[in-house]
Asker: 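First the structure, which I've put down as structure tokens, then a few questions once you've had a look.
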2 protein chains.
Amino acid sequence: MSETLQGPDFSPLYRQVKELLLQRIAAGHWKPGDILPSETKLAGEFNVSQGTVRKALEELAAEHLVVRHQGKGTFVTARGAEQPVHFFSMMTADHQRLPPRFNGKVTHEVGLATPAERRSLGLPEGADVVRIFRVRLVGGTPSMFDEIILARAQFPGFEQHLNRDDQVNTYVIMEKEYGVLAVRSEEWLSAVPAEPRHAEVLNVEVGQPMLKIDRVTYGVDGKPIELRTVWVDTTDCHYYNSVS
Amino acid sequence: MSETLQGPDFSPLYRQVKELLLQRIAAGHWKPGDILPSETKLAGEFNVSQGTVRKALEELAAEHLVVRHQGKGTFVTARGAEQPVHFFSMMTADHQRLPPRFNGKVTHEVGLATPAERRSLGLPEGADVVRIFRVRLVGGTPSMFDEIILARAQFPGFEQHLNRDDQVNTYVIMEKEYGVLAVRSEEWLSAVPAEPRHAEVLNVEVGQPMLKIDRVTYGVDGKPIELRTVWVDTTDCHYYNSVS
DNA sequence: AAGTGGTCTAGACCACATC
DNA sequence: ATGTGGTCTAGACCACTTT
């Protein structure tokens, strides 16, 4: 790595190191929760200085792909009971995080992806998707209606995992069962009238204002892995965002 | 700065440097748009290494308090036509930024702050607030209703600045007229039925779903400077958020 | 040519966790 | 005692901007 690079695809050394680490994480060489080699070892392996490896790791940490602990080491991000998914923005009225809790009735359907779904998920024509529906509870009362859309080929049998527990997080399942790490989401919010199918299960009137959240979630490689729409009765909770 | 600090209020050198720079910006020693001394000069002044100053500046840049340009220098963040406020999350239906445009009819009232307003703004009992009301246009049609609440003592005559132009940004006014830099916002979103006062000016039916955004904005010193509630008709626009 | 921030290196010492 | 990441330093060279 000592020769000078100048080509059009030039990038700083630490970014090249970051890219290599990213590829190994994406390929499952290190799995969520695994410890990475120390800065010194990585520096030796890549023939760069420890400071260069450090800068690569700091960027990965800023993107929540790894977690660093002084005295312990650097670990691939793992979600679970201890480490909740950080990109979940619903809060109770008194600004507490919402504990994940569902009513246990998960339904699903398998079908051909619509053109819009294919575009958003990057799927070829004729691909199948799984659409999963469930209801989230806030303080015991049904308040949110989830519709989750996944590529069937990427997550075969996904819906079965959701039926096993009433508080499973879909991103934890993706991680533990399919080795797919959710990294980033884009969300679009609007206010819409409650539809009959929501009124039925959420104990609201048809037409009552609901917060609608359209979300696309991306994996380590930057490709979309999930589409989700959530309809929320915001009587008892809010969507929180801190922006700087 | 060579003696070892160990006390309960210990903080790394680069954070102390950052704090000093922050204080100077907050005090108006450097104003928005001003260039800061180079890393080398700051390092000399503070008797630390250039790398330590760099780390302080990088943190300030990450928080959008300064902007760095290779070959030119480091500048205090300035908002305006060129550099729009980055924490404005409403997008048109086709994912474009909304140009700021108001209908020009700004109304306001001055009154005693309510207990809730005092708590949110950190005001003493008996303090006055100004409440400003205006309507934002999306593609020419009125779509958003703003209620802006400010401490009267901090921003005397603020409402007059809003009447001068139909596309002024309140944070630009705070910066240019009062030397107050808005740095961070917290927002809470919910869906609510349109009230009569909104229906009247936004051309919607009473009861129609509206996106309600409650926002608190903080200044350089971390103290709240503005309360705002925005009611949005999300027919033609969405609230966008990218979360990682 | 001179000055700026961006990258890279090498080495020192510290704080923290584990053995 | 050892190993980890966190801080701090000093110096080199590069890329970009302005004079």
Side-chain angles (χ1 to χ4, degrees), chain A residues 1-21 25 30 33-78 82, chain B residues 1-21 25 30 33-78 82:
Chain A
M1 288 223 190
S2 60
E3 67 275 21
T4 303
L5 301 173
Q6 291 285 18
D9 53 353
F10 161 81
S11 77
L13 253 186
Y14 72 88
R15 279 212 197 277
Q16 299 176 38
V17 171
K18 179 185 169 190
E19 201 52 42
L20 288 170
L21 296 173
I25 294 172
W30 299 307
D34 283 1
I35 188 171
L36 268 61
S38 71
E39 296 179 352
T40 319
K41 290 200 187 101
L42 289 171
E45 184 188 343
F46 293 134
N47 269 303
V48 299
S49 79
Q50 185 240 19
T52 300
V53 170
R54 170 176 291 267
K55 193 151 188 192
L57 289 173
E58 278 172 347
E59 283 207 352
L60 290 173
E63 296 166 17
H64 301 117
L65 279 155
V66 301
V67 180
R68 317 190 75 201
H69 293 293
Q70 181 172 147
K72 297 213 274 190
T74 302
F75 303 81
V76 179
T77 299
E82 10 49 77
Chain B
M1 287 220 190
S2 59
E3 67 275 22
T4 303
L5 302 173
Q6 291 284 17
D9 54 353
F10 161 80
S11 75
L13 253 187
Y14 73 89
R15 279 212 198 276
Q16 300 177 36
V17 171
K18 178 185 171 189
E19 201 52 43
L20 288 171
L21 296 172
I25 294 172
W30 299 307
D34 283 0
I35 187 170
L36 267 60
S38 71
E39 295 179 353
T40 318
K41 289 197 188 104
L42 288 171
E45 184 187 343
F46 293 134
N47 269 303
V48 300
S49 78
Q50 185 240 18
T52 301
V53 171
R54 168 177 293 268
K55 194 152 186 192
L57 289 173
E58 279 171 348
E59 283 206 353
L60 290 174
E63 296 166 16
H64 302 117
L65 279 155
V66 301
V67 181
R68 318 189 76 200
H69 293 294
Q70 181 171 149
K72 298 212 275 192
T74 302
F75 304 80
V76 179
T77 300
E82 8 51 77

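Chain letters run A, B, ... following the sequence lines, proteins first, then strands; residues in each count from 1.
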Asker: Expressed in angstrom and rounded to an integer, what is the separation of A:E39 atom CD from C:dA15 atom P?
Answerer: 18 Å
Asker: Restricting to non-hydrogen atoms, name the atom on B:T40 and the atom on B:Q50 that form the minimum distance, rounded to 0.1 Å.
Answerer: N-CG, 4.4 Å
Asker: Using only side-chain N and O atoms of B:S38, determine if any of them is under 4.0 Å from OP1 or OP2 of C:dG3.
Answerer: no
Asker: Would you indicate, yes or no, if D:dT4 has its OP1 or OP2 atom less than 4.0 angstrom from a side-chain nitrogen or oxygen of A:K41?
Answerer: yes
Asker: Starting at CG of A:L42 and ending at C1' of D:dG5, how long is that distance when rounded to a whole Å?
Answerer: 13 Å
Asker: Among D:dA10, D:dG5, C:dC8, find the nucleotide with the atom closest to the side chain of A:R68.
Answerer: D:dG5
Asker: Is the shortest side-chain N/O distance from A:Y14 to OP1 or OP2 of C:dT7 below 4.0 Å?
Answerer: yes
Asker: Quick one: which of D:dA15, D:dT9, D:dG5 gets closest to the side chain of B:Q70?
Answerer: D:dA15
Asker: Does C:dC16 have OP1 or OP2 sitting under 4.0 Å from an N or O in the side chain of A:K72?
Answerer: no
Asker: Can you tell me the distance, in whole Å, between the CG atom of B:N47 and the C1' atom of D:dC8?
Answerer: 14 Å
Asker: Would you say the base of C:dG5 and the side-chain of B:R54 have a donor-acceptor pair closer than 3.5 Å?
Answerer: no
Asker: Ignoring hydrogens, what is the shortest heavy-atom contact between B:A56 and B:K18? Give both atom names and the distance.
Answerer: CB-N, 3.7 Å
Asker: Which whole-number value in Å describes the distance from A:L13 CG to D:dA12 C1'?
Answerer: 15 Å
Asker: Please state how far atom CD in B:E58 lies from atom P in D:dT7, giving the value in whole angstrom units.
Answerer: 13 Å
Asker: For A:F75 and D:dT4, give me the distance from atom CZ to atom P, rounded to whole Å.
Answerer: 11 Å
Asker: Report the residue (A:Q50 or A:R15) whose heavy-atom-nearest nucleotide on DNA chain C is the more 5′ of the two.
Answerer: A:R15
Asker: Among C:dG5, C:dT7, D:dT7, which nucleotide sits nearest the side chain of A:K55?
Answerer: C:dT7
Asker: Across the strands shown, which category fits A:T40 at heavy-atom distances under 4.0 angstrom: base, sugar-phosphate, nothing?
Answerer: nothing
Asker: Could you tell me whether the side chain of B:T77 reaches within less than 4.5 Å of the side chain of B:I25, counting heavy atoms only?
Answerer: no
Asker: Does the side chain of B:E45 come within less than 4.5 Å of B:L42's, by heavy atoms?
Answerer: yes
Asker: In Å and rounded to the nearest 0.5 Å, what is the CD1 to NE2 distance from A:I35 to A:H69?
Answerer: 10.0 Å
Asker: Side-chain N or O of B:T52 less than 4.0 angstrom from OP1 or OP2 on D:dT9?
Answerer: yes
Asker: What is the distance, to the nearest angstrom, from the NE2 atom on B:H69 to the P atom on C:dG3?
Answerer: 21 Å
